[in-house]
Amino acid sequence: MTTVAPGTTALDRDWWKTATVYQIYPRSFADANGDGMGDLPGITSRVDYLAALGVDAVWLSPFYPSALADGGYDVDDYRDVDPRLGTLADFDTMAAALHAAGIKVIVDIVPNHTSNAHPWFLEAVAAGRGSRARERYVIRDGSGAHGAEPPNDWESLFGGSAWEPLGDGQWYFHHFAREQPDLNWEDPEVRADFRTTLRFWADRGVDGFRVDVAHGLVKDLSEPYAPWREVAETLRADGSHPLWDRDDVHEIYAEWRAVFNEYDPPRFAVAEAAVHPSRRARYADPQGLGQAFNFAMQEADFDLADFRATIEAGLADVEVTGSTTTWLLGCHDTPRVATRYGLPLAAGERAQQVARQWLLSDGRAPEVDLALGLRRARAAILVLLALPGSTYIYQGDELGLPEVGDLPPEALQDPMAVRSSTEKGRDGCRVPLPWTTTGPSLGFGSGGSHLPQPASFAAYAVEAQEGDPTSTLSLYRQALALRSELNRGPELHWVDAGPEVLDLERPGGWRCVTNFGPRPVDLPTGRLLLTSGDLVDGRLPADTTAWVATS
Ligand code: NOJ
């Protein structure tokens, strides 16, 4: 028997289908106690900011107890708050404040792996071979004499072997850092415990879940093992990969859907699933998680053909699933969009690839044209916010923050960087937000900042942008406010505007026009609602988007 929360309407059940969701990386958002690490009371203190921004929901990256071997994606306890970030009471206060401001709350669930300090893993280490405790993890006998060698040659995504020895001839598997042992999802207790975790947060009023590595839970570890070179290609279209995107994973999500549907409105979930595009729909199935991240826009260049193809593919997904698709320009795992779009590209090069190579390299940064990058990032967000479906905004992108590509090696925290002598990893997009133009950690908190902010961040501070109608923050605020008025119905029609202009129309005569070419172009006749940059003699210049009301 479910109860209907006061004020719930039929519309509320589908809130997520068109929501704008702001991703908070809690340790880098706002620090209320001055210890240099963002926290939940810090988020509570900034609810007014989020409300003024106009987002429908926030997604919080993990805030659970963690040794931070992977930024909190190594979870010690799924049903508590890291003491450095607050308490469960602080969570309740924060959720209540967000809800009072009309903002939904999405939390991150990390089911593929625990941390190596999780009580289950400590028990598995201590209990020894053949124990019940070892069944909760992916543990195999080693090869060679006395199991001294790893079971096979599979590699971790963060580098090195995917196997770590337990000291008695057995080895545990980890897709990510060695501090992140993979769970065995064939184990009924693992399944039951995660359902308990989902209910724990849903009962606390959480509106939805972002599911980390949703495509990784089920593995086929039957022998003989396929050699690494065969399993390294992860995006298979036929579900035949032993480690990723196996069909059986959807049995788990059907069980989760039953839990979500115990609530009214049903709880929502979005899958982080890096799968072949043809298989994404399975995660977005209404009988499963219901929505899946579409990362294609994050991979796209600022290029008309890329944008159009990406939008068409995203909308085609919707035809299959009956869900809605998601759009995003960045997240805590990707070089910031304002930098990506300003990278110099040689013929045939892709921005995302160049950005990653740079962050993988020895620190020699390419000459980034930040003014161009920001101009394009502003144009791009107006495209994303004009699309049907749901848009995710990564914290700081509304300020136009660039990637911090030159963090000193000793400051780096990301295991991708820590495990490597050359790679810089993902810390450059996780530097704490600048709130004020001066002061310790630029208003992030009263103390320091767990990752150093460059002096240039002061110019991007909320304080510097708030009163400026031309700022990126003002653009986001205006766009989000307008979108909530204009976004009526899922239809999108392409308008043929030639080889350099992306022109699309939404119901009610809402046109979104982007000039990808070098020369200014004419705008459609109508009322100009918003532009990402100044017009030139009434015409739309290069790298600029306009929203126009044509009826
Ligand atoms: C995806 C998360 O977004 C990323 O930050 C993390 O490192 C991996 N999953 C492992 O949990």
Side-chain angles (χ1 to χ4, degrees), residues 21-29 38 59-78 82 106-118 121 137-138 155-160 162 172-183 185 194 197 209-217 219 234-235 243-245 249 269-275 283 289 291-295 298-299 326 328-336 352 356 359-360 392-396 403 412-420 423-431 451:
V21 183
Y22 183 85
Q23 183 193 352
I24 293 182
Y25 192 74
R27 289 179 182 78
S28 299
F29 184 68
W59 146 34
L60 273 61
S61 280
F63 49 78
Y64 315 111
S66 168
L68 305 183
D70 181 20
Y73 284 91
D74 45 323
V75 180
D76 298 350
D77 180 348
Y78 291 89
D82 186 329
I106 299 169
V107 299
D108 215 313
I109 291 292
V110 188
N112 180 67
H113 43 266
T114 67
S115 79
N116 61 349
H118 190 286
F121 191 72
Y137 289 91
V138 179
E155 289 179 17
S156 140
L157 291 178
F158 287 166
Y172 69 90
F173 177 84
H174 58 95
H175 260 316
F176 297 91
R178 64 169 69 88
E179 296 86 352
Q180 293 167 294
D182 278 41
L183 284 165
W185 274 86
F194 269 86
T197 293
F209 301 92
R210 178 261 191 193
V211 182
D212 189 63
V213 198
H215 57 314
L217 277 48
K219 300 161 179 87
T234 55
L235 299 184
L243 299 178
W244 299 111
D245 188 29
V249 79
V270 57
E272 189 231 9
V275 296
Y283 296 83
L289 293 177
Q291 195 178 57
F293 277 124
N294 166 13
F295 293 111
Q298 186 175 260
E299 301 298 320
T326 65
L328 52 92
L329 293 172
C331 68
H332 65 294
D333 291 331
T334 320
R336 289 249 185 217
Q352 190 60 269
R356 290 204 171 112
L359 297 176
L360 277 165
Y392 286 72
I393 296 166
Y394 178 50
Q395 71 175 37
E403 180 76 9
L412 297 177
Q413 301 172 9
D414 181 4
M416 281 180 154
V418 170
R419 285 176 147 228
S420 145
E423 184 165 333
K424 286 189 275 180
R426 300 164 293 176
D427 292 313
C429 66
R430 300 175 179 181
V431 175
L451 284 167

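Read the numbers this way: they start at 1 and go in the same order the structure lists the ligands and their atoms.
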Criterion salt bridge (charged side-chain N to carboxylate O under 4.0 Å, His left out) on Arg178 and Asp74, from CA distance to verdict: CA-CA 10 Å; Arg178 64 169 69 88; Asp74 45 323; over 6 Å; no

Ligand-residue contact atoms, ligand 1 with His113, heavy atoms, under 4.0 Å: 10 (C), 11 (O)

Arg426: numbered ligand 1 atoms lying under 4.0 Å from its heavy atoms: 4 (C), 5 (O), 6 (C), 7 (O)

Protein heavy-atom partner closest to atom 2 (C) of ligand 1 - residue, atom, separation in Å: Asp212 OD1, 3.2 Å

Residue, atom name and distance, where the atom is the protein heavy atom closest to atom 7 (O) of ligand 1: Asp70 OD2, 2.6 Å

Phe176 and Phe158 aromatic ring geometry - parallel, tilted or perpendicular at 30°/60° bounds: perpendicular

Ligand 1 contact on Arg430 by region, counting heavy-atom pairs under 4.0 Å: side chain

side-chain hydrogen bond (donor to acceptor under 3.5 Å, both in side chains) assessment of Ser28 paired with Gln395: CA-CA 9 Å; Ser28 299; Gln395 71 175 37; 4.9 Å; no

Whether Arg210 lies under 4.0 Å from ligand 1, heavy atom: yes

Centroid-centroid distance, Phe293 to Trp59, less than 6.0 Å: yes

Proximity of Phe158 to ligand 1 by residue part, where a heavy atom lies under 4.0 Å: side chain

Contact check, His175 vs ligand 1, heavy-atom distance below 4.0 Å: no

Residue, atom name and distance, where the atom is the protein heavy atom closest to atom 8 (C) of ligand 1: Phe176 CE2, 3.8 Å

Distance-only polar pair, side chains of Tyr73 and Ser66, donor-acceptor under 3.5 Å: no

Subset of ligand 1 atoms that lie under 4.0 Å from at least one heavy atom of Val213: 9 (N)

Stepwise side chain to side chain contact (heavy atoms under 4.5 Å, CB included) check, His113 with Leu183: CA-CA 5 Å; His113 43 266; Leu183 284 165; 5.8 Å; no

Mutual orientation of the aromatic rings belonging to Tyr25 and His332 [parallel < 30°, tilted 30-60°, perpendicular > 60°]: parallel

Ring-ring centroid check Tyr78 Phe194, cutoff 6.0 Å: yes

Distance from atom 5 (O) of ligand 1 to nearest protein heavy atom, with residue and atom: Asp333 OD1, 2.7 Å

Location of contacts on Glu272 toward ligand 1, heavy atoms closer than 4.0 Å: side chain

